[in-house]
Amino acid sequence: MDPKHLVSSAALALLAGFVDGFAFVMLGGFFVSFMSGNTTQASAELTGGAWGAAAYAGLLVAAFVVGGVTGTAVSIRARSRGVMTLVAAMLLAAAALAGLGVVLAAGPVLAAAMGATNAVHSRDGAAPFGITYMTGQLMKLAENIVAAFRGGDRRAWMRHLALWLAIAIGAVGGAAAARLVGPVALWLPAAAAGATAITLFLRRRRPSSAAVAPHRSDA
């Protein structure tokens, strides 16, 4: 992973961590990017007869998958700029719902946004790695530490540590913001995603230097 790609991936992980930390506090212990946690929670709630909680956890998982499907489909036609626009629109919708006091309704929208976020770097319908899959990143961290001791790349493990730190720091910020200012905190990641989408579109429309450079005469 080149440095530029690592920075953009870490920024997305920071965004996902903020949203997940915010949602965990506001939804009372449910996740919007950590689907393994929701799957375990749904199963545990079922055994305790908490059908409503189990159904809500299952709804979040389904919404995440729908967001991933939609984001992947968009990435095939519109690349990163299209997916970031989709993510921004979903986050704005979730922020509006949370602002109206229907935080539970915002949860599935946030889960869909996080599913789509994993498709930002997709190429031809396949993502090189998952932005929110921190269990996988930690396993890669462990594998690359062993590889470094065996004479392999001595820095590869740092990339996976950076992504884990980004989502962890984001989660701290999101949880703290939810407790300090409540639903209004969700406008921050929504604005960040929107600004990123606009930047990607402007970069796409910017003519290359070769295209605008005047032609010289050979005479």
Between [atom1] on residue [X] and [atom2] on residue [Y], distance to nearest 0.5 Å:
X: Met26; Y: Leu110; atom1: CE; atom2: CG; value: 10.5 Å
X: Thr132; Y: Gln137; atom1: OG1; atom2: CD; value: 10.0 Å
X: Met139; Y: Met134; atom1: CE; atom2: CE; value: 15.0 Å
X: His121; Y: Ser9; atom1: NE2; atom2: OG; value: 3.5 Å
X: Leu6; Y: Leu163; atom1: CG; atom2: CG; value: 6.0 Å
X: Met84; Y: Ser75; atom1: CE; atom2: OG; value: 13.5 Å

Taking side chain as C-beta onward, heavy atoms only, is [X] less than 4.5 Å from [Y]?
X: Leu97; Y: Val103; result: no
X: Val181; Y: Val184; result: yes
X: Pro108; Y: Leu60; result: yes
X: Arg203; Y: Leu200; result: yes

Open item on the list: Using the side-chain contact (heavy atoms from CB on, under 4.5 Å) criterion, which residues pair with Ala73? Sequence neighbours excluded.
Closed with: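 None.
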Open item on the list: Holding to side-chain contact (heavy atoms from CB on, under 4.5 Å), I want the full list of residues that pass it with Ala44, two or more places apart in sequence or in another chain.
Closed with: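 Ala44 satisfies side-chain contact (heavy atoms from CB on, under 4.5 Å) with no other residue.
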Cluster check [X], [Y]: I/L/V/M/F/W/Y, side chain < 4.5 angstrom:
X: Met158; Y: Ile167; value: yes
X: Leu14; Y: Phe18; value: no
X: Leu104; Y: Met35; value: yes
X: Phe24; Y: Leu186; value: no
X: Leu27; Y: Val102; value: yes

TODO: Test side chain to side chain contact (heavy atoms under 4.5 Å, CB included) on Leu86 and Arg81 and set out the steps.
DONE: CA-CA 9 Å; Leu86 174 65; Arg81 63 188 182 278; over 6 Å; no
Which atom of [X] lies closest to which atom of [Y], heavy atoms considered:
X: Ser80; Y: Val120; answer: OG-O, 2.8 Å
X: Ala116; Y: Val83; answer: O-CG1, 3.3 Å
X: Ala42; Y: Ala57; answer: CB-CB, 3.7 Å
X: Met114; Y: Val32; answer: CB-O, 3.3 Å
X: Trp157; Y: Leu141; answer: O-CD1, 3.3 Å
X: Ala98; Y: Pro183; answer: O-CB, 3.5 Å

Task: Summary of ring pair (Phe, Tyr, Trp, His ring centres under 6.0 Å) pairs that have at least one residue in residues 159-194, sequence neighbours excluded - done: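 Pairs touching residues 159-194 that pass the test: none.
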Open item on the list: Quick test of your reading: applying ring pair (Phe, Tyr, Trp, His ring centres under 6.0 Å), list the pairs with at least one residue in residues 52-107, sequence neighbours left out, ordered by first then second residue.
Closed with: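 Applying ring pair (Phe, Tyr, Trp, His ring centres under 6.0 Å) to every pair that reaches into residues 52-107, excluding sequence neighbours, yields Phe30-Tyr56.
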Task: Asn118 side-chain N/O to Ile131 backbone N/O, donor-acceptor pair under 3.5 Å - done: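 Judged by distance alone, yes, a pair lies under 3.5 Å.
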- [ ] List the steps, then state whether side chain to side chain contact (heavy atoms under 4.5 Å, CB included) holds for Arg150 with Val146.
- [x] CA-CA 6 Å; Arg150 297 185 65 191; Val146 173; 4.1 Å; yes
Open item on the list: Among residues at least two apart in sequence or on other chains, which ones pass ring-ring contact (aromatic ring centres under 6.0 Å, His included) with Phe34?
Closed with: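 Counting only residues at least two positions away or on another chain, Phe34 forms a ring-ring contact (aromatic ring centres under 6.0 Å, His included) with Phe31.
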- [ ] Sort and list the pairs that fulfil side chain to side chain donor-acceptor pair (under 3.5 Å) and have at least one residue in residues 22-34, not counting sequence neighbours.
- [x]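 Of all non-adjacent pairs touching residues 22-34, those that pass side chain to side chain donor-acceptor pair (under 3.5 Å) are Asp20-Ser33.
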